[in-house]
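Everything numeric here is computed off the predicted structure, so don't read it as measured data. Below, read A as the first sequence line, B as the second, and so on, with proteins coming before strands; counting in each chain starts at 1.
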Amino acid sequence: MSDMTHPTAAAKPPREHALAEAFLMLWRDKFAFLSACFLLLVVIAALFGPSLLPDQALQMNLRGRNAPPFELERGWLYILGADNMGRSLLARLVIGSRYTLMIAGSAVVLALVVGTILGLIAGYRQGRIATIILRGADILMSFPSLLLALIVLFVLAPSVGNVVLVLALSRVPVYLRTCRAEVLEIRERQFVKAAKVLGASHARIVFLHILPNVVPTLMTLATLEFAAVMLSESSLSFLGLGVQAPAVTWGLMVADGRGYLASAWWLSFWPGVAISLTAISANLMANWIRTATDPAQRWRLEKRTRA
Amino acid sequence: MRSYFRQRTMQSAISLFGLVVLVFFLARLTGNPTDLLLPVDTPLAVREEFAARHGFDQPMLVQFGRYLLDLLQFDFGESLRDGRPALQMVLQAFPTTLLLSFWAMLISLVIAIVTGSIAAWRPGGVFDRIASLISLAGASIPNFWIAIVGVLVFSVWLRALPTSGTGTPWHWIMPVTVLFVRPCGVLTQVVRSSMIDALASPYVKTARARGVRSRVVIFGHALRNAMLPVVTVAGDQAAGMVNGAVIAETVFGFPGIGKLMIDSIMFRDFAVIQAAVMVTAVAIFVLNILIDLAYALLDPRVRHG
């Protein structure tokens, strides 16, 4: 492992130049570019949607109950049809995006932070504490995440906070193990030894020297994890163990529409499309980021323009 | 081999025990386990009598010992719904889920190995790109939505497949499909990347240089070495089958362990949930041992190490 391949060791190009380069690399990979656009759209919907459409998602319209999609006579908001209470499905999808993204995002961040801290400890100080942490991770990993969620949410009532907690809990080991493996490798490097010889405190070594080198790997992992966590949340909501009405997530919308499958398929169909597209986009983006940040693979994205 | 095996079994056993402890404390986290074990409208006197009979008024340590003793005798208590022993209900539902998972796993492994190997033959080629996109989609699309669209298309519109039950082979088509899509997508990606590595290795180059037929090179030489990571991921996916089974069985009214768990949650039937969780955990424990065995069969380094 030569130091030349390490991003911090290489000469950094000016920031603007790097951004433009990244954008060009994204533009070249059409699938990744489309995914980025779609994710941006979803994030904008989640951030600004609820304030733009404060009433439309709740406004009931008994004449428009289960209105079919692709009919513009009720206005463009009803392009995807209406649900069993005549509420615009499009508006509900936009409102639902906020909870869906918020829960998955919070769970990912929580798992990332806790996993990183535990991973730093387990990697830096070996000994009994490390063993206990790793055994705990083994227990969590050896058990299907949905089952863990079912039993925890059965005992504690399903609420937004508990759902985030359960989702985060089942994903902590992923970050913990990755972080620990990285730390074990980095702590043997010269610059860490040098810092130690110079008399740096443990905290200084861990946070100033080791952590910055672990973060890029963990961030890539987090983008990859986002889709998985979102799917778990949707499954929980679908089973009725996620957030409860009046809060709405896409998974909950699919579950609500199940009873109307024979008469109004669009109730379940569109939220499922939203979940699928978001998950596919997130996975494509994660793959792209992984390739773009890996010095050994980066040429795959760069080569095409030069040719 | 034997010491490796013993070590792995010990690890699994510790995990299993950790789960047992976790369930015990979870059940007591809300304060009173009678809240979990008895219906909500039980009068106070009945509650107290129940607590005394099951030792819930004893100190925590005594309770834990009693709980372990019950577990060792396979006594998980009775179902609230029909008063049958919880374990009996779980064991009755278990084979259905096992069979469902078996078919789903078999199909996804076969498809993943064939597709992944062909895709790895020419990375970046047309087949590879299509296969990569489809496998990524398969790993990303929520299985409950596949189930619902399946019901919509094949049951509601085409009237070709039944929506629920287990009577005929036709009943199994949709649940198995719902269950195999995600593992198949994940496994195809793993087989592909693992095969690309294996195909770039010196022994494959030697075989090709000696003029061995490409089919023999792929499936005879490269695949065996590419299988190690696949076995690991397949094991994880097989353990995760329960996740999918809960969804598939709920949607299709399939009388397996997943549906039993969801029904028990709706009835707040804690004894059955606890039994189902434990039986699943033991099944995964056995599965992990089988995976270690497969690993030793594939990799001589493990056998002799």
Side-chain angles (χ1 to χ4, degrees), chain A residues 31 134-158 227-228 230-235 237-241 250-251 254-255 257-258 261-263 265-269 271-284 286-287 300, chain B residues 11-12 14-19 21-23 26-30 36 124 129 132-133 136-137 139-146 148-149 151-153 155-157 163 182 236 239-247 250-251 258 261-262 264-266 268 270 273-274 276-277 280-281 284-285 288:
Chain A
F31 280 131
L134 288 174
R135 282 288 157 277
D138 280 347
I139 295 174
L140 285 182
M141 285 291 268
S142 65
F143 204 61
S145 53
L146 191 62
L147 276 197
L148 199 72
L150 288 185
I151 192 157
V152 172
L153 289 175
F154 178 80
V155 176
L156 314 169
M230 198 186 78
L231 289 176
S232 304
E233 184 277 324
S234 302
S235 299
S237 290
F238 177 75
L239 291 171
L241 288 158
W250 293 338
V254 176
R258 239 181 95 191
L261 212 52
S263 53
W265 53 268
W266 49 93
L267 263 57
S268 289
F269 187 79
V273 171
I275 298 171
S276 305
L277 284 180
T278 312
I280 293 174
S281 303
N283 275 333
L284 277 170
N287 280 347
R300 288 180 200 278
Chain B
Q11 271 177 12
S12 304
I14 291 172
S15 295
L16 197 63
F17 183 71
L19 183 77
V21 176
L22 190 73
V23 170
L26 261 178
R28 279 147 187 86
L29 202 61
T30 44
L36 292 175
R129 284 165 159 233
S132 292
L133 198 67
L136 187 106
S140 310
I141 296 175
N143 44 19
F144 58 85
W145 188 67
I146 297 177
I148 284 202
V149 173
V151 170
L152 182 67
V153 174
S155 304
V156 178
W157 288 348
T163 51
R182 179 150 356 147
D236 285 350
M241 274 286 167
V242 192
N243 289 346
V246 171
I247 300 276
T250 316
V251 174
M261 268 191 279
I262 294 295
S264 308
I265 282 175
M266 297 308 159
R268 296 203 66 78
F270 190 73
I273 296 173
Q274 188 176 310
V277 165
T280 317
I284 291 171
F285 177 77
N288 281 334

What are the two closest non-hydrogen atoms of [X] and [Y], and how far apart are they?
X: A/F269; Y: B/W145; value: O-NE1, 3.1 Å
X: B/S140; Y: A/A279; value: O-CB, 3.4 Å
X: A/R135; Y: B/I14; value: CD-CG2, 4.0 Å

Segment of [X] engaging chain B (4.5 angstrom heavy-atom cut-off):
X: A/S145; result: both
X: A/L241; result: side chain
X: A/F238; result: side chain

Heavy-atom distances under 4.5 Å only: say whether [X] touches chain A with side chain, backbone, both or neither.
X: B/M261; answer: side chain
X: B/L19; answer: both
X: B/V277; answer: both

From [atom1] ([X]) to [atom2] ([Y]), nearest 0.5 Å:
X: A/F31; Y: B/L133; atom1: CZ; atom2: CG; value: 4.5 Å
X: A/L148; Y: B/N243; atom1: CG; atom2: CG; value: 10.0 Å
X: B/F144; Y: A/L231; atom1: CZ; atom2: CG; value: 7.5 Å
X: B/I273; Y: A/L150; atom1: CD1; atom2: CG; value: 8.0 Å

Next on the checklist: Using a 4.5 angstrom heavy-atom cutoff, name the option from A/S235, A/A149, A/A282, A/A228 with the most pairs to chain B.
Outcome noted: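 It is A/S235.
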
